[in-house]
Amino acid sequence: MQTNVEQGRLAVARVRFAAVASMLDRLAEDIKKEHGPSAVLEQKGPMEPIAQNVCSVRYSLRHPNDGQLALTFVVTGDSADLLLLQAQEQSGPEDIRVNPGPVDQHVYRVEEIDGIKQAVQEKIRAHLRTRGAQGPGRASH
């Protein structure tokens, strides 16, 4: 059972992460347009507290011919002002238990939306490129 303090910290982390979540939603739409509806970037559950002043939310990028790219966003700090971005490639759901593989980590200030967006885009492009994902091409606007 969460205390009022824990609920308050979670609420602050969610508010601080809201701009990042909006950016990820827009990025998900761009991915769908560029790589087709089978390439999906989606949130894998709500943000949850994992320790004092630390909350986490996970996103994944799936493509039918590829493995999965897991993106974990950890919001931390007394003011929920720091964001740890963890990226991890998985070739299948069973692999993560046997061999979690390398995890790429970077820390940002939550308000550094452009830097976070650029990092996420680079991770996604690298994942799709190394996995050989071929989409229908860039959609026209």
Side-chain angles (χ1 to χ4, degrees), residues 2-141:
Q2 290 183 347
T3 66
N4 286 341
V5 172
E6 290 169 331
Q7 289 175 348
R9 289 180 179 146
L10 178 59
V12 169
R14 285 179 174 156
V15 167
R16 296 293 302 239
F17 186 75
V20 176
S22 294
M23 176 272 296
L24 291 167
D25 289 343
R26 289 187 303 274
L27 188 55
E29 290 300 315
D30 292 345
I31 292 166
K32 188 185 301 183
K33 289 175 187 174
E34 188 170 337
H35 296 280
S38 59
V40 179
L41 176 66
E42 63 186 354
Q43 188 174 333
K44 303 304 277 183
M47 179 177 281
E48 297 180 350
I50 56 174
Q52 183 176 345
N53 293 339
V54 182
C55 298
S56 173
V57 63
R58 187 175 180 126
Y59 284 73
S60 69
L61 172 69
R62 298 184 281 110
H63 195 277
N65 299 326
D66 298 334
Q68 179 172 293
L69 175 65
L71 299 170
T72 303
F73 298 88
V74 179
V75 180
T76 188
D78 290 336
S79 303
D81 58 340
L82 298 174
L83 179 82
L84 171 65
L85 168 58
Q86 299 176 323
Q88 182 177 24
E89 289 198 43
Q90 304 165 354
S91 58
E94 66 284 348
D95 288 353
I96 191 69
R97 290 185 296 264
V98 176
N99 180 12
V103 176
D104 184 21
Q105 299 179 330
H106 294 281
V107 176
Y108 300 90
R109 298 202 65 74
V110 173
E111 61 272 2
E112 295 176 332
I113 298 297
D114 292 338
I116 296 166
K117 179 179 180 180
Q118 181 178 352
V120 170
Q121 287 174 320
E122 287 173 8
K123 303 287 181 223
I124 289 171
R125 277 194 293 270
H127 174 76
L128 293 174
R129 186 173 47 250
T130 59
R131 296 294 184 163
Q134 299 298 317
R138 189 173 293 275
S140 60
H141 297 294

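A perpendicular orientation is assigned to the rings of Y59 and F73, their planes being inclined by more than 60° (bins at 30° and 60°).
When side chains are defined from C-beta on, L27 counts as touching I124, because their heavy atoms get closer than 4.5 Å. L61 is not listed as a side-chain neighbour of L71, based on a closest heavy-atom distance of 4.5 Å or more.
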side-chain contact (heavy atoms from CB on, under 4.5 Å) evaluation trace for D30 with E34:
CA-CA 6 Å; D30 292 345; E34 188 170 337; 5.9 Å; no

From CA spacing to verdict: side-chain contact (heavy atoms from CB on, under 4.5 Å), E111, R16:
CA-CA 8 Å; E111 61 272 2; R16 296 293 302 239; 3.2 Å; yes

Step by step, would you call S60 with E42 a side-chain contact (heavy atoms from CB on, under 4.5 Å)?
CA-CA 6 Å; S60 69; E42 63 186 354; 4.2 Å; yes

Between E6 and T3, does a side-chain contact (heavy atoms from CB on, under 4.5 Å) hold up when you go through it step by step?
CA-CA 5 Å; E6 290 169 331; T3 66; 3.4 Å; yes

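Using a distance-only test at 3.5 Å, with no hydrogens or angles considered, a donor-acceptor pair links the side chain of R14 to the main chain of M47.
Atom-to-atom distance recorded for I116:CD1 and M23:CE is 6.0 Å, nearest 0.5 angstrom. To the nearest 0.5 Å, atom CD of residue E122 and atom NZ of residue K117 are 12.5 Å apart. For the atom pair L10 CG and I50 CD1, the distance stands at 11.5 Å (nearest 0.5 Å). Interatomic distance, Q68 CD to Q88 CD, rounded to the nearest 0.5 Å: 10.0 Å.
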List the atom pairs, donor and acceptor, that lie under 3.5 Å between side-chain atoms in residues 74-87 and the rest of the protein, sequence neighbours left out.
residue, atom, partner, partner atom, Å
T76, OG1, N53, O, 3.1
D78, OD1, N53, ND2, 2.9
D81, OD2, R109, NH2, 2.9

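Sorted by first then second residue, the side-chain hydrogen bond (donor to acceptor under 3.5 Å, both in side chains) pairs that include residues 20-29, not counting sequence neighbours, number zero.
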